[in-house]
Amino acid sequence: MLASRRHDRTAPLLHWGSKRIQLTVSQFGAIIGDGCNIAYGCHINPGTVVGRDSLILPLVDLRGYIAPNSLVRIRQQIQVSRLRPMPRLRPHVRYLDE
């Protein structure tokens with residue numbers, strides 16, 4: 001998915017290395033270098049620059065500047081905890097299981 005407009009409707013910033021360039025157009029997608037592979041489910045924000053021969057793995061939310069020959073992936077951490085019992089919201093109401 002390639003976004004071409006910011007939600008706040010302001011002009012996007014182009015990220016070029018450490019430089020930030022304010023664009024004068026209202027819509028601008030991304031600059032993607034030659035030989036890049038972008039997997040399914042990725043979201044590329046306006047003004048993103050992806051250097052040549054980079055590999056973007058699935059489900060990445062990409063923004064900013066990606067140097068050439070880069071591998072971009074996300075790392076998730078799954079946390080499982082016990083569910084606390086829900087409090088009774090209306091104590092004056094009699095519930096069927098009581």
Show the nearest heavy-atom pair for residues Phe28 and Pro46, with the distance to one decimal. O-CB, 3.3 Å

Any donor and acceptor pair, going by atom type alone, linking the side chain of Ser54 with main-chain N or O of Val72 inside 3.5 Å? no

To the nearest 0.5 Å, atom CD1 of Ile32 lies from atom CZ of Arg52 at 13.5 Å

Is there a path of hydrophobic side-chain contacts, each under 4.5 Å between heavy atoms, that joins Val60 and Val50? yes

Specify the closest pair of heavy atoms between Cys36 and Gly51, including all atoms of both residues, with the distance to one decimal. SG-O, 3.1 Å

Residues in side-chain hydrogen bond (donor to acceptor under 3.5 Å, both in side chains) contact with Asp61, at least two apart in sequence or another chain: His43, Asn45

Supply the members, apart from Val80, of the Ile/Leu/Val/Met/Phe/Trp/Tyr cluster built from side-chain contacts under 4.5 Å; use none for a lone residue. Ile78

Cluster link Leu71 to Leu62, ILVMFWY, side chain under 4.5 Å: no

Does Arg73 CZ have over 12 foreign heavy atoms under 6.0 Å away? no

Euclidean distance, Leu59 CG relative to Leu57 CG, rounded to 0.5 Å: 9.5 Å

Enter the distance from Ile56:CD1 to Ser70:OG here, rounded to the nearest 0.5 Å. 7.5 Å

Roughly how far, to the nearest 0.5 Å, is the OG1 atom of Thr48 from the CD1 atom of Ile31? 10.0 Å

A side-chain contact here means heavy atoms from C-beta on lying under 4.5 Å apart; do Val49 and Ile66 qualify? no

On a heavy-atom basis, which atom in Ile44 and which in Ala30 lie closest, and how many Å separate them? CG2-CB, 3.7 Å

